[in-house]
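Scroll down for the structure; my scribbles are underneath it.
Residue numbering restarts at 1 for every chain, and letters A, B, ... go by the order of the sequence lines.
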Amino acid sequence: MTAPTKPPHTHTDADPDGPAGQPLHSSVIGWFDENARDLPWRRPEAGPWGVMVSEFMLQQTPVNRVLPVYEQWLSRWPRPADLAKEAPGEAVRAWGRLGYPRRALRLHGAAVAIAERHGGDVPTDHAQLLALPGIGEYTAAAVASFAYGQRHPVLDTNVRRVFARAVTGVQYPPNATTAAERKLARALLPDDERTASRWAAASMELGALVCTAKNESCQRCPIAAQCAWRLAGKPEHDGPPRRGQTYAGTDRQVRGKLLAVLRDARTPVPQVALDRVWHEPVQRARALDGLVSDGLVEPLPGGMYRLPMS
DNA sequence: CATGCGTGGGG
DNA sequence: TCCCCAAGCAT
């Protein structure tokens, strides 16, 4: 017989379409239609500001912990200008125990910028969003897509994991987002604006609920039949270990304890009260200095401290 | 581009 | 218990 007219496939030219030629996004969006969680920032009444607040809070913090704080924030500050009027320390206090409190400061700063430069409305333009404090590549795309229905590749950790498995055939994405991932995200992005924004939310939700980092449930996955990783026998990650997080005893923990005291105090706190949160004086002083230089703590004359009121 | 930055729940 | 992590950003 003669040589085959069609070259054999290799894993490098993964076909984004399913066996029936159905695009990946159709299966995932169909699944999303039936399985999307009813989250408050997905309701129409949330508006762009609600979407933006939720995105800040969801940066590295699980949905369940965000939910109550999100409700309090939107109730207290229903528009950007409402938050912009407050002292930054009020944002830090209302942030509660969500973690990474610099996000509260940046969200406050973003609200001030929106009030001053954008007439009080969350900007629709991707570049203007990106220019706001605390908004990076992911959050700018997410707000533009979820709040305004625009067509942008939305590459968060969930989507990156779904792509790594379904298309590239590996268990985990790289530590940092690569050019190859951006290229893939653009290639898979549906042409239609409405479909593209739906795809962004759906692919994120699939990673959050089904294609999870551990204990993924392929039996519930709408694209399991086309998943390169599953078809390859779900090989475990090899190579250098993925970057973890530094653990207890770090300055982070001390900063958290210091800030907790200041959050709970309505009046300035004396140095001695802060000294009780950590036994080691050098690390304690370094942590406090860090908080001050970050703008999370305001030093007052006489060794007193408080959350920033200006 | 590797690091630092919180917190609390679940395996 | 201990360890992993959960919708990133700024430097």
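Using modelled atom types, no side-chain atom of His152(A) and backbone atom of Ala200(A) make a donor-acceptor pair closer than 3.5 Å. A donor-acceptor distance shorter than 3.5 angstrom exists from the side chain of Arg103(A) to the backbone of Phe56(A), with no hydrogens or angles considered. A donor-acceptor contact shorter than 3.5 Å links the side chain of Trp49(A) to the backbone of Trp77(A).
Across all strands, Thr157(A) comes closer than 4.0 Å only to sugar-phosphate atoms, never to a base (heavy-atom distances). In this structure, Arg37(A) reaches the bases: a heavy-atom distance under 4.0 Å links it to at least one base atom across the strands shown. Residue contacts for Val159(A): at a heavy-atom cut-off of 4.0 Å it reaches no nucleic acid atom on any strand shown. Within 4.0 Å (heavy atoms only), Arg242(A) reaches sugar-phosphate atoms of the nucleic acid but no base atom. Within the 4.0 angstrom heavy-atom criterion, no nucleotide atom of any strand lies near Leu155(A).
On a pure distance criterion of 3.5 Å, a polar donor-acceptor pair joins the side chain of Thr61(A) and the base of dG6(B).
Using a cutoff of 4.0 Å between basic side-chain nitrogens and carboxylate oxygens, Asp289(A) and Arg286(A) are not scored as salt-bridged.
Scanning all heavy atoms of the two residues, the minimum distance from Ala287(A) to Val254(A) falls at CB-CG1, 3.7 Å. Across every non-hydrogen atom of Ala144(A) and Leu129(A), the tightest pair is N-CD1, 4.0 Å. When all heavy atoms of Arg117(A) and Ala131(A) are compared, the closest pair comes out as NH2-O, 4.3 Å.
The interatomic distance linking Leu296(A) (CG) with dA10(C) (P) rounds to 15 Å, in whole Å. The CZ atom of Phe56(A) sits 8 Å away from the P atom of dA10(C) (whole-angstrom rounding). The distance between atom NE2 of His237(A) and atom P of dC4(C), rounded to the nearest whole Å, is 13 Å. Distance CZ (Arg160(A)) to P (dG8(C)): 10 Å, rounded to an integer number of Å. Going from atom CG of Leu258(A) over to atom P of dT7(B) covers 10 Å, rounded to whole Å. Residue Lys257(A) contributes atom NZ, which lies 14 Å from atom P of dG6(B) at whole-angstrom precision. For the pair Gln283(A) CD and dC5(B) C1', the computed distance is 14 Å after rounding to whole Å. Taking atom CE of residue Met52(A) and atom C1' of nucleotide dA7(C), one finds them 15 Å apart after rounding to whole Å.
Taking a 4.0 Å limit (strictly below) on heavy-atom distances, residues 123-140 of chain A does not reach DNA chain B anywhere. Sorted by residue number, the members of residues 197-211 of chain A with any non-hydrogen atom under 4.0 Å from DNA chain C read Met204(A). Within residues 91-100 of chain A, no residue is approached by DNA chain C to less than 4.0 Å at the level of any non-hydrogen atom.
Ranking dA7(C), dG8(C), dA10(C) by closeness to the Gln60(A) side chain, first place goes to dG8(C). Side-chain atoms of Pro62(A) lie closest to dA6(C) of the nucleotides dA7(C), dA6(C), dT7(B).
Side-chain contact between Ser197(A) and Phe146(A): absent, with no pair of heavy atoms (C-beta onward) separated by less than 4.5 Å. Inter-residue side-chain proximity for Pro222(A) and Leu206(A) is flagged as met; some heavy-atom pair is nearer than 4.5 Å. Looking at heavy atoms from C-beta onward, Leu74(A) lies out of side-chain contact with Trp41(A) at the 4.5 angstrom threshold. Looking only at side-chain heavy atoms (C-beta outward), Arg42(A) and Arg37(A) come within less than 4.5 Å of each other.
Exactly one of Arg252(A), Gln60(A), Gln59(A), Arg106(A) qualifies for a side chain to side chain donor-acceptor pair (under 3.5 Å) with Tyr100(A). That residue is Arg252(A).
Comparing the C1' positions of dT1(C) and dG8(B) gives an interatomic distance of 16 Å, to the nearest angstrom. dC5(B) and dA6(C) are spaced 14 Å apart, taking the C1' atom of each and rounding to whole Å. Going from the P atom of dA7(C) to that of dG4(B) covers 22 Å, rounded to whole Å.
Residues Asn175(A) and Ala260(A) each lie close to DNA chain B; by heavy-atom proximity, the contact nearer the 5' end of the strand is made by Asn175(A).
Environment of CG in Asp238(A): sparse, with no more than 12 heavy atoms of neighbouring residues, nucleotides or ligands closer than 6.0 Å.
Relative orientation of the Phe163(A) and Trp199(A) rings is parallel, given thresholds of 30° and 60° on the angle between their planes.
Contact between the side-chain N/O atoms of Gln59(A) and the OP1/OP2 oxygens of dA7(C) is not found at any separation under 4.0 Å. Between Arg103(A) and the phosphate of dG8(C), there is no side-chain N or O to OP1/OP2 separation shorter than 4.0 Å.
Among residue pairs with one or both ends in residues 266-275 of chain A, those qualifying as side chain to side chain donor-acceptor pair (under 3.5 Å) are Gln271(A)-Asp275(A), Gln271(A)-Tyr305(A), Asp275(A)-Arg284(A); sequence neighbours excluded.
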Expected rows: protein N/O vs nucleotides 9-11 of chain B N/O, under 3.5 Å:
none

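Through direct or relayed side-chain contacts under 4.5 Å between Ile, Leu, Val, Met, Phe, Trp and Tyr, Met304(A) connects to Leu300(A).
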